[in-house]
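Contents: one structure, followed by commentary.
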Amino acid sequence: MSVASYLVTLSILSFCAWLDLVAWQIPFHFFVSLVVINAVFFYLIYRGYNLRCKDHSMTAAQMIVSLVPTLYSVYFLDLGQARASFLVVAIVPLLYGMLALTTRTFLQIGILFIALYILMILLINKNRPDSINPTMEVLQAFALIVVVIQITIIGGYISGLRSKLRNRNKELNIALVKISDMANRDELTGIANRRKIFEVLDTEVKRKREPNTAIGICILDVDHFKRINDTYGHQAGDEVLKRIAEEVPKSLRTMDCFGRYGGEEFLLILPSTSLEGTEIKANRVREEVAKLEFKNLPPGEKVTISIGIAEYFPEEEIDATIQRADKALYEAKAHGRNCCVVHPSP
Ligand SMILES: Nc1nc2c(ncn2[C@@H]2O[C@H](COP(=O)(O)OP(=O)(O)OP(=O)(O)O)[C@@H](O)[C@H]2O)c(=O)[nH]1
């Protein structure tokens, strides 16, 4: 963008030189400063110095520096109308700055631009009074001031819109995180829901393609849960589910996943765990649950769980593994509950 603005100014300066309004050395000086300034900014950005500034594109700095060669070149133009044409050209970088800068920075640059422009006219008036038409110069300076004020007001409005848009985007992102969290969590217990468990299973099954890895799958079911509900009320039943959901994950590895499968059933996924390892872990979980105390149950009233265990094999569908674990759970219930049963490999 800055190179394009420089090239526009350079082409008009060259045209002025071709019309004999200015010596050819002026567009040449401008060209050299164009190359030097852009090389310096390129170097600063390439070396990452721009990252130390609040404004990473260094727009304000580029705009301020660009004023010097432009006003220097315009100073040598004797014809007032020719000088005025550069004011028209200056609007383009101003518009760009309006979009990229804060209203305050833009106003500061606008004031600097007006001040330097007036200083240049005063210098011309001092050194070459013949090339000054005071009425025209006052009119042009006035027009410049009015345009900068107008652009500042529009810029302020646009920057307000942009900050509103930024805030909306932030709110939208927060809402998206919340929605995805709600879609993956069980409402009562706060742990992974059925949907999330199957997502984790899917990822693990894909990873399982690597040799020598196993996935242990356990279905946990609270024993006589209906009796807990019927005897102590649904609030007590809910507390049991919540406490189990709170306590069991405490002893798990980060790669394990514990979620609510439905009702009073939970699913425990143990990646990279052999069948023997899964059975050991399942028994520990069972013992931990049996030790829990509940504030909605009478002291000494223990809650136990039964666990069905199966190991996933790449040859079978994951649903079939879960069915095998479910069969093992059925057997655990039949064996008197509060125990773990392993379904043998198919
Ligand atoms: N409080 C509460 N109860 C639930 C929830 N989801 C399911 N239940 C109850 O869980 C009970 C499950 O009862 P059953 O399937 O007969 O199982 P059980 O009484 O644990 O018997 P076994 O599994 O054979 O030991 C039912 O009474 C359901 O209403 C829940 O979110 N909160």
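Nothing here was measured: the structure is a model prediction, and the numbers come from that model. For reference, positions follow the sequence shown, starting with 1. Hydrogens, waters and symmetry mates play no part in the numbers below; they use all other heavy atoms, side chains included. When a ligand or atom number is given, it counts from 1 through the structure's own listing order.
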### Query
Which of the atoms in ligand 1, numbered in the order shown and given with their element, are less than 4.0 Å from a heavy-atom of L241?
30 (C), 31 (O), 32 (N)

### Query
Is the shortest N/O to N/O distance between G237 and ligand 1 below 3.5 Å?
no

### Task
Could you tell me the separation between the CG atom of L44 and the CZ atom of R52, rounded to the nearest 0.5 Å?
10.0 Å

### Query
Got a sec: does the CZ of R253 have more than 12 other heavy atoms crowding it under 6.0 Å?
yes

### Task
Note the single closest protein heavy atom to atom 22 (P) of ligand 1, along with its residue, its atom name and the distance in Å.
K333 NZ, 3.4 Å

### Task
Answer with yes or no whether the side chains of S14 and S11 bring together a donor and an acceptor at under 3.5 Å.
no

### Task
Nearest 0.5 Å please: distance from the CD1 atom of I215 over to the CD atom of E204.
5.5 Å

### Query
Which bit of H234 gets closer than 4.0 Å to ligand 1, counting heavy atoms only: side chain, backbone, both or neither?
both

#### Entry: Proximity of D230 to ligand 1 by residue part, where a heavy atom lies under 4.0 Å
neither

### Salt-bridge present (E137, R83; N to O < 4.0 Å)
yes

### Task
Using the six-membered ring wherever Trp is involved, compare the ring planes of W18 and F15 and label them parallel, tilted or perpendicular (cut-offs 30° and 60°).
parallel

### Query
Is any side-chain N of the basic residue among K250 and E247 closer than 4.0 Å to the acidic one's carboxylate O?
yes

### Message
Looking only at protein heavy atoms, which one is nearest to atom 7 (C) of ligand 1, and what is the separation?
### Response
G263 CA, 3.5 Å

### Message
Heavy atoms only, cut-off 4.0 Å: how does N229 contact ligand 1, side chain, backbone, both, or neither?
### Response
side chain

### Query
Which residue holds the protein heavy atom closest to atom 21 (O) of ligand 1, what is that atom called, and what is the gap in Å?
H224 N, 3.8 Å

### Task
Note the single closest protein heavy atom to atom 18 (P) of ligand 1, along with its residue, its atom name and the distance in Å.
F225 N, 3.4 Å

### Message
Quick check on E317: does its CD atom have over 12 non-hydrogen neighbours (other residues, nucleotides or ligands) under 6.0 Å away?
### Response
no

### Query
Any N/O of R227 closer than 3.5 Å to an N/O of ligand 1?
no

### Message
Counting only heavy atoms not in Y330 (residues, nucleotides, ligands), do more than 12 fall under 6.0 Å from its OH?
### Response
no

### Task
Report yes if L188 has an N/O atom closer than 3.5 Å to an N/O atom of ligand 1; otherwise report no.
no

### Query
Is ligand 1 under 4.0 Å from a heavy atom in the side chain of R260, in the backbone, in both, or in neither?
side chain

### For D223, the ligand 1 atoms whose distance to one of its heavy atoms is below 4.0 Å
20 (O), 25 (O)

### Query
Does NZ or CZ of R128 fall inside the cone over Y75's six-membered ring, less than 6.0 Å from its centre and within 45° of the axis?
yes

### Message
Return the closest protein heavy atom for atom 2 (C) of ligand 1 as residue, atom name and distance.
### Response
D238 OD1, 3.2 Å

### Query
Considering K226, R337, E264, which one's heavy-atom position lies nearest to atom 17 (O) of ligand 1?
E264

### Query
Going by the order shown, which atoms of ligand 1 are within less than 4.0 Å of some heavy atom of V222?
20 (O), 23 (O), 25 (O)

